[in-house]
Amino acid sequence: MKTVQCSTHGRQPMALVCQHVADGLTKRERVGFFWASDSGNPRPDAWCSDCNDRVAATKGEWIGDALDQLDPKVLCGACYDMAKLFHMGGNPWS
Ligand SMILES: [Zn+2]
Ligand SMILES: [Zn+2]
């Protein structure tokens, strides 16, 4: 498993999310949280509701505008868990 060094959480498993999910966590703006359910990965690649609309328009393919605007960012596993909780309506800072 690939790992990443997080300034907050130390060395963690690596996860990928769209730029909006990563940005939203930093700015504390909820943007939705979607992922492909067909994997055994406990932290599958995830994206926001706008990206979800764009990929729906390409019939689920990450191509063209959907891919251009995805611009995936690396998150550590713990940050991913926080992003998921936050964007799905929870408060990871409580
Ligand atoms: Zn997005
Ligand atoms: Zn982290």
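Each residue takes its place number in the sequence, starting with 1. Not measured: the values here are computed from a predicted model. Read the numbers this way: they start at 1 and go in the same order the structure lists the ligands and their atoms. Worth knowing before you read on, the calculation uses all heavy atoms, side chains too, and leaves out hydrogens, waters and symmetry mates.
- Between the S49 side chain and the V31 main chain, a donor and an acceptor come within less than 3.5 Å of each other.
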Side-chain atoms of residues 12-22: list all donor-acceptor pairs with protein atoms under 3.5 Å, sequence neighbours left out, distances to 0.1 Å.
from	atom 1	to	atom 2	distance (Å)
Q12	NE2	H9	O	3.3
Q19	NE2	Q69	O	3.0

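- Looking at F86 and W93, their side chains come closer than 4.5 Å, going by heavy atoms from C-beta outward.
- Without hydrogens or angle criteria, R43 side chain to Y80 main chain gives no donor-acceptor distance under 3.5 Å.
- Around the Zn ion (ligand 2), protein N, O or S atoms at a distance under 2.8 Å total 4; waters are neither shown nor counted.
- Closest approach of V4 and L75 over heavy atoms only: CG1-O, 4.0 Å.
- Only protein N, O or S atoms were scored, and 4 of them lie under 2.8 Å from the Zn ion (ligand 1).
- In the hydrophobic clustering (ILVMFWY side chains linked at under 4.5 Å, chained through shared members), W62 is joined by F34, W47, V55, L67, L70.
- Residue C48 holds its SG atom at 10.0 Å from CG of D23, rounded to the nearest 0.5 Å.
- The distance from the CG atom of N41 to the CH2 atom of W35 is 12.0 Å, given to the nearest 0.5 Å.
- Going from atom CG of N91 over to atom CG of L85 covers 7.5 Å, rounded to the nearest 0.5 Å.
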